[in-house]
There are 2 protein chains.
Amino acid sequence: MTTKPARSKRATVHDVALEAGVSRGTVSRYVNGERYVSAAAREAIEAAIAKVGYVPNTAARNLVMQRTQAVGFIVHEPHSLFVEDPNIGEILLGANTRLSEADHQMAVLIVDTERDTDRVARYLSGGLVDGVIIVSARADDPITRVVERLQLPAAYVGHPPGAASTASFVVIDNRGAARSITERLAATGRRRIGMIAAALDRDSGADRLAGFREALGDAFDEALVEPVPLYSYSAGRDGMRRLLERAPDLDGVFAASDAVAAGAIEAIKESGRQVPDDIGVVGFDDSAWARRTTPPLSTVSQPAAGLGAGAAELVLARLHGEDPPAERRLDCEIVWRGSA
Amino acid sequence: MTTKPARSKRATVHDVALEAGVSRGTVSRYVNGERYVSAAAREAIEAAIAKVGYVPNTAARNLVMQRTQAVGFIVHEPHSLFVEDPNIGEILLGANTRLSEADHQMAVLIVDTERDTDRVARYLSGGLVDGVIIVSARADDPITRVVERLQLPAAYVGHPPGAASTASFVVIDNRGAARSITERLAATGRRRIGMIAAALDRDSGADRLAGFREALGDAFDEALVEPVPLYSYSAGRDGMRRLLERAPDLDGVFAASDAVAAGAIEAIKESGRQVPDDIGVVGFDDSAWARRTTPPLSTVSQPAAGLGAGAAELVLARLHGEDPPAERRLDCEIVWRGSA
DNA sequence: GCAATTTCTGTGAACGTACACAGAATGCCA
DNA sequence: TGGCATTCTGTGTACGTTCACAGAAATTGC
């Protein structure tokens, strides 16, 4: 008696063919649901597949088909932000849902360190994804360059990093929304309105500031704008402290994101002032933060899941050889709660 | 003049060999950093690779190597929870960091609908991952069964879903931590301590309740335990409302998670009581919620990133043919803030 | 009842890589 | 100079699938 193999090898299309008494080609046709498979063959193949436990090998299929049915979801963020910013999670889920409907898999690629950059670049170059969704890219990004060089079908969520002819962008109307909510804040009777402007190196940050400036018109005062690097709680808190020191007579503030607004509220309370009585605060994103502050935030509701879904649609369209619009702009809604 | 090809094909190892005037084998050896490549050949190959822009095709390599250098990260959660629960994000990042160090890619697989189940099962069966990390699996899970059937090296974060000989588990000491924090709460002089017990169908939920019961000993009162289905804010708020109605004399409460605790605090304030003066509240997880409530939560700090990293290590060990321990238990720390 | 069509099937090639093996070149020592 | 170990190289095969093609079988039309 010979020793039985330690690990039973996976069944291949060949094994099924042998078991069913037909050829590889016929099995392949059956598996891919093509026409021209006789009833007899079909039954024999079904039985054989069940018996040997056949599952197609995707790597082999990918190799010959030259596609993978997978889309990369690239996030370039410091890890902490990925955790803190609920929008990214929702964008991811929105994209995943749409991709899943189209029978595509999502590979999440987080780029933080130098090392990640290399690995992700290798992964993309290796032909394991048909296209990519890119979230919050910076202007001069090695990953972006790799994507462009490979001519990989791409859709960006947010900031368009330079001109890339092969890419589409799905964005929200940051400027319009910032203008609307600032106008709304002004309409509550505030006279000295400041802004904590975050991430000015990105389109989103710059556009929100532009909208703010537009809304105030002549009343705009450069000195009441406090720039901070990130959309984070601590940046908001620190920025607000500085702003209050500079302008103690402030009675309204537009924070560039809810996380920033939450930090700002802490700083305001710290200083002994009341929200919204002394200072009205509005945020941006309608993230989980917005319902957790006291009072809850008036803010801009950002269709995060819609952004993800939109990006997925744009990539899928490209994969199907269509030529989708270069930009898709989603509207935002203002949600008025208690903070202003 | 002939038309140039619309899309230039990717360069293969064959093209490089031709360009460098050597054979496929030699190029392959160079690319994989093997010995026995002459200096002359090396230089020629380097030049050729640069010239034709060669990148190895991972699908082809996967096929012949019978491995993919990728690990699946499976989350079975309703979408909303994935977004709300910051621990999952941190677990993901912890795992990603460790996998990335070991040059492995992570494929995120979110299982929510029936449809997801099929797709993920197909993906796993297709041989695109060498192993999996599974977060918050339920007891009778189709995905878990697929993983077991495929004998895929696996590591579970949290709940061990039945006996699976091929898997390892990385868990936190839920029971011990629940006991500690309940004792600590009791030590502040509380006499009527209740618990909002969430997700009792999971080990984590059941163990936290067990630790609570252990800590109180004879003082334990079944009537002061309010079970809720999920670790969510709204579940906590609703549960606390019911508990307060049933036991208006309550002076302490252990919430099964920070999100639950945050909801509980809202309900307590709603009822006109003060935290911590009238009722002391403690949570579990030390998530982002903990620092956002007023007052900030006393809670159990859960090493979420450590859980992810631990799971990654266990899977990697299995992939290297080692036989890691079946369970790795991580300790938690108690963080005392203002809520009790 | 024979040609023309439609349905069905098997075979060989290709995808791009890794690996085993045979054999060529080189170096060393007696 | 011959023998032998060492370094290097090229060729053929395998991985598991899809696809094109040729040809067999069944069905149709007159």
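All values reported here derive from a predicted model rather than from experimental measurement.
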When all nucleic acid strands are considered with a 4.0 Å heavy-atom cut-off, which category describes B:V31: base, sugar-phosphate, or nothing?
nothing
Given DNA chain D, 5'-ward residue of the pair A:G25 and B:G25, judged by closest heavy atom
B:G25
Search all heavy atoms of B:P303 against all heavy atoms of B:L330 and return the closest pair with its distance.
CG-CB, 4.1 Å
Tell me the interatomic distance from A:H14, atom NE2, to D:dT17, atom C1', rounded to whole angstroms.
13 Å
Integer-rounded Å distance: D:dC15 P and B:R67 CZ:
17 Å
Between C:dT9, D:dT13, C:dG16, which one does the side chain of A:R29 approach most closely?
C:dT9
Does D:dT18 have OP1 or OP2 under 4.0 Å away from a side-chain N or O of A:S28?
yes
Kindly point out which of C:dC19, D:dT18, C:dT17 is positioned nearest to the side chain of A:N32?
D:dT18
Closest to the A:S23 side chain, choosing from C:dA18, C:dT11, D:dG16:
C:dT11
Taking side chain to side chain donor-acceptor pair (under 3.5 Å) as the criterion, tell me which of B:T58, B:N62, B:D130 meets it with B:T68.
B:D130
So, OP1 or OP2 of D:dG16: does either fall under 4.0 Å of a side-chain N or O from B:Q66?
yes
Which atoms form the tightest heavy-atom contact between A:L92 and A:F73, and what is the distance?
CA-CZ, 3.5 Å
Minimum-distance nucleotide (side-chain atoms of A:R24 versus D:dT18, C:dG16, C:dA18)
D:dT18
Test your reading of the model: is there a side-chain donor-acceptor pair from A:T26 to the backbone of A:V22, 3.5 Å cut-off?
no
Quickly work out the A:M65 CE to C:dG16 C1' distance and round it to whole Å.
16 Å
Rounded distance (Å) that lies between atom C1' of D:dA20 and atom CD of A:E34:
12 Å
Applying the side-chain contact (heavy atoms from CB on, under 4.5 Å) criterion to B:I91, which one of B:V170, B:N96, B:V75, B:V135 satisfies it?
B:V135
How many Å lie between CG on A:D15 and P on D:dG16, as a whole number?
9 Å
For A:V22, answer base if it contacts any base atom (sugar-phosphate contacts may also be present), sugar-phosphate if it contacts only those atoms, and nothing otherwise; contact means non-hydrogen atoms under 4.0 Å.
sugar-phosphate
List the steps and the verdict of side chain to side chain contact (heavy atoms under 4.5 Å, CB included) for B:M106 and B:V71.
CA-CA 5 Å; B:M106 193 170 81; B:V71 170; 5.6 Å; no
d(OH, A:Y36; P, D:dA20) in whole Å
14 Å
Under 4.0 Å between a side-chain nitrogen and a carboxylate oxygen: does that hold for B:E148 and B:R145?
no
Round to a whole Å and report the spacing from OH of B:Y30 to P of D:dC8.
15 Å
Taking only the side-chain heavy atoms of B:S38 (C-beta and beyond), determine which of C:dC15, D:dT9, C:dT7 contains the nearest atom.
D:dT9
Counting only non-hydrogen atoms, which of residues 50-63 of chain A are less than 4.0 Å from DNA chain C?
A:L63
When the distance from CZ of B:R35 to P of C:dT26 is rounded to whole Å, what number comes out?
19 Å
Run the side chain to side chain contact (heavy atoms under 4.5 Å, CB included) test on A:V132 and A:V315 for me, step by step, so that the C-alpha distance in whole Å, both residues' side-chain angles and the decisive distance to 0.1 Å come before the verdict.
CA-CA 7 Å; A:V132 288; A:V315 170; over 6 Å; no
With a 4.0 Å limit, can you tell me whether A:T26 has a side-chain N or O closer than that to the phosphate oxygens OP1/OP2 of C:dG10?
yes
